[in-house]
Amino acid sequence: MTQPDVIIIGAGVIGCSTAFELAKRGYKTLNIDKLSSAGAGSTVNSCAIVRAHYSTWDGVALAYEGFKYWADYENWLGIKDERGMARFMNCGTVLLKTEGHNWRRVLELYQEIGVEHEDWDAETLKRKMPIYSTKSYWPPSRPEDGDSFWNESDEDLPGAIYTPGSGYVNDPQLTTHNLMRAAESQGGQFLYNKAIVEIRRENGQVLGVTLDDGQKIDAPVVVNVAGPHSFVINRMAGVEDGMNIKTRALRHEVHHVPSPDGFNFETDGMHTSDGDNAIYFRPETGNTILVGSEDPECDERVWIEDPDEF
């Protein structure tokens, strides 16, 4: 290995993206991952959704900028991967106007930033997605809660916000391999099956890392994109206590369910955020629907103290 300018801890989709963009700018990057290949950690189980409805100006702007990279994915990477190329599935996104989401703020940010969108009323929502209920079911509840879960609603949703430029990526691990190859084409290096046991520092500055085999690698910059292990790295580096925003690993429920009879959700469905039921869902292969939880208050949160033992 050449002496890196930047050590990137993690070779998931964020780690490989970071390497690609830094390498394009002339930095010598080295990604280190304890697993055997790119995207083999939490990335492989990512729902891979590309959306813009976040609650801050920065979040919306950053996500919206990403739309154009996905729309021109192969040209952006500038490579052909021997394993093939991941595909961006531009199905669009429906953000239901529910009590569970601050959709009014999203609408304001879309208008301010210039995100292409359509503001649907309930009738338009029903016409566009006839299999959806346009009733409000806030707040989320569990089956054992009785009437609050099972009773029908008389209250209508005001509609939805639709963004045509969003969707999902069909294979997050293949995407990560594509990004790794793109980073390598710019001189980026990758080291697998190596765990970091120490972040070496001196006088408030990072010096580099020590690996589980005793090897020491120096670099003036160390980037932590270790996914569920990021809090472990922050503690190892001695920086967690001073962080205003900390990370923790949380068990996250995802299910695959069949599409309703008579409707092909794989071809005609859209990524949808449903704050009433605290779920999001998107089309998936085989005319199925991938459903993820938004971790509502009625569900127990299972925090993972040791990601290696989970």
Side-chain angles (χ1 to χ4, degrees), residues 9-15 33-51 53-56 59 63 93 95-96 98-102 137-150 168-169 171-173 175-176 195-197 199 212 223-258 271-285 288-310:
I9 303 175
V13 69
I14 305 299
D33 200 293
K34 68 193 304 180
L35 299 178
S36 59
S37 61
S42 57
T43 291
V44 73
N45 291 310
S46 168
C47 294
I49 291 166
V50 179
R51 62 179 174 96
H53 57 269
Y54 292 90
S55 58
T56 65
T93 286
L95 172 64
L96 298 178
T98 66
E99 291 297 318
H101 287 136
N102 190 358
Y137 292 93
W138 175 263
S141 58
R142 299 179 60 79
E144 56 266 27
D145 293 337
D147 291 346
S148 63
F149 181 87
W150 296 104
Y168 64 98
V169 181
D171 188 332
Q173 189 168 27
T175 302
T176 309
I196 290 169
V197 296
I199 311 293
D212 53 359
V223 179
N224 175 12
V225 280
H229 292 78
S230 59
F231 74 98
V232 177
I233 298 297
N234 289 334
R235 289 174 186 172
M236 192 183 297
V239 299
E240 185 183 45
D241 290 344
M243 297 173 68
N244 290 328
I245 299 176
K246 298 177 174 60
T247 65
R248 296 174 68 190
L250 175 67
R251 176 182 176 268
H252 187 77
E253 270 193 281
V254 177
H255 298 269
H256 293 260
V257 300
H271 162 237
T272 302
S273 287
D274 177 4
D276 264 1
N277 292 301
I279 58 172
Y280 58 87
F281 49 95
R282 67 159 175 81
E284 185 54 284
T285 302
T288 59
I289 305 173
L290 184 154
V291 185
S293 170
E294 293 182 347
D295 305 305
E297 293 296 332
C298 62
D299 285 348
E300 179 187 3
R301 286 181 170 85
V302 181
W303 298 101
I304 308 305
E305 294 303 324
D306 185 352
D308 291 322
E309 295 299 322
F310 176 64

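No experiment lies behind these values; they were computed from the predicted model shown. We number each residue from 1, following the sequence as shown.
- Of all the heavy atoms in Met236 and Ile196, the pair that sits closest is CE-O, 3.4 Å.
- Applying the salt bridge (Lys or Arg N to Asp or Glu O under 4.0 Å) rule to Glu300 yields no partners; only residues at least two apart in sequence or on another chain are considered.
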Thr98 vs Trp138, side chain to side chain contact (heavy atoms under 4.5 Å, CB included): CA-CA, chis, key distance, verdict:
CA-CA 7 Å; Thr98 66; Trp138 175 263; 5.9 Å; no
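- Evaluation of the salt bridge (Lys or Arg N to Asp or Glu O under 4.0 Å) rule for Asp212 yields no partner, not counting sequence neighbours.
- Considering OG of Ser36 and NZ of Lys34, their distance stands at 12.5 Å, rounded to 0.5 Å.
- Within the structure, salt bridge (charged side-chain N to carboxylate O under 4.0 Å, His left out) pairs that include any residue of residues 36-51 do not occur (at least two apart or interchain).
- Taking each heavy atom of Ser273 and Leu95 in turn, the nearest pair found is CB-CD1, 3.8 Å.
- For the pair Gly12 and Thr43, the tightest heavy-atom approach, listed with the atom from each and the gap, is CA-OG1, 3.5 Å.
- Here Pro143 pairs with Phe149, Trp150 under the side-chain contact (heavy atoms from CB on, under 4.5 Å) rule; sequence neighbours left out.
- The side-chain contact (heavy atoms from CB on, under 4.5 Å) check on Ser293 picks up Glu253, Asp295, Pro296, Asp299, with sequence neighbours excluded.
- Between His271 and Tyr280, the ring planes are perpendicular. Angles over 60° get that label, and only those under 30° would be called parallel.
- For the side-chain hydrogen bond (donor to acceptor under 3.5 Å, both in side chains) test, no residue two or more places apart in sequence or in another chain qualifies with Asp171.
- Panel note: side chain Thr56, backbone Gly59; a donor-acceptor pair is recorded below 3.5 Å.
- Summarising the geometry, atom CG belonging to Asn224 is positioned 7.5 Å from atom CD1 belonging to Ile199; distances are rounded to the nearest 0.5 Å.
- Screening residues 231-243 for salt bridge (charged side-chain N to carboxylate O under 4.0 Å, His left out) gives Arg235-Glu240 as the qualifying pairs, with residues at least two apart or on separate chains.
- The salt bridge (Lys or Arg N to Asp or Glu O under 4.0 Å) test applied to Glu284 returns Arg282, not counting sequence neighbours.
- With sequence neighbours excluded, the residues forming a side-chain hydrogen bond (donor to acceptor under 3.5 Å, both in side chains) with Glu144 are Arg142, listed by chain and number.
- With no hydrogens or angles considered, a side-chain donor-acceptor pair links His229 and Asp308 at under 3.5 Å.
- Looking at Thr288, its side chain never comes within 3.5 Å of a backbone N or O of His256 through a donor-acceptor pair.
- Residues forming a side-chain hydrogen bond (donor to acceptor under 3.5 Å, both in side chains) with Glu294 (at least two apart in sequence, or on another chain): His101.
- Once rounded to the nearest 0.5 Å, the distance linking CZ of Phe281 with OG1 of Thr272 reads 4.0 Å.
- When each of Cys47, Ser46, Ser42 is checked for a side-chain contact (heavy atoms from CB on, under 4.5 Å) with Pro172, only Ser46 meets the rule.
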With a cut-off of 3.5 Å and sequence neighbours excluded, list every side-chain donor-acceptor pair involving residues 243-250.
residue : atom : partner : partner atom : Å
Lys246  : NZ   : Met243  : O            : 2.6
Thr247  : OG1  : Ser230  : OG           : 2.9
Thr247  : OG1  : Phe231  : N            : 3.4

Under the criterion side chain to side chain contact (heavy atoms under 4.5 Å, CB included), I'd like the reasoning laid out for Leu96 against Asp276: C-alpha separation, chi angles, the key distance, then a yes or no.
CA-CA 9 Å; Leu96 298 178; Asp276 264 1; over 6 Å; no
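- The salt bridge (Lys or Arg N to Asp or Glu O under 4.0 Å) search around Asp306 returns none, not counting sequence neighbours.
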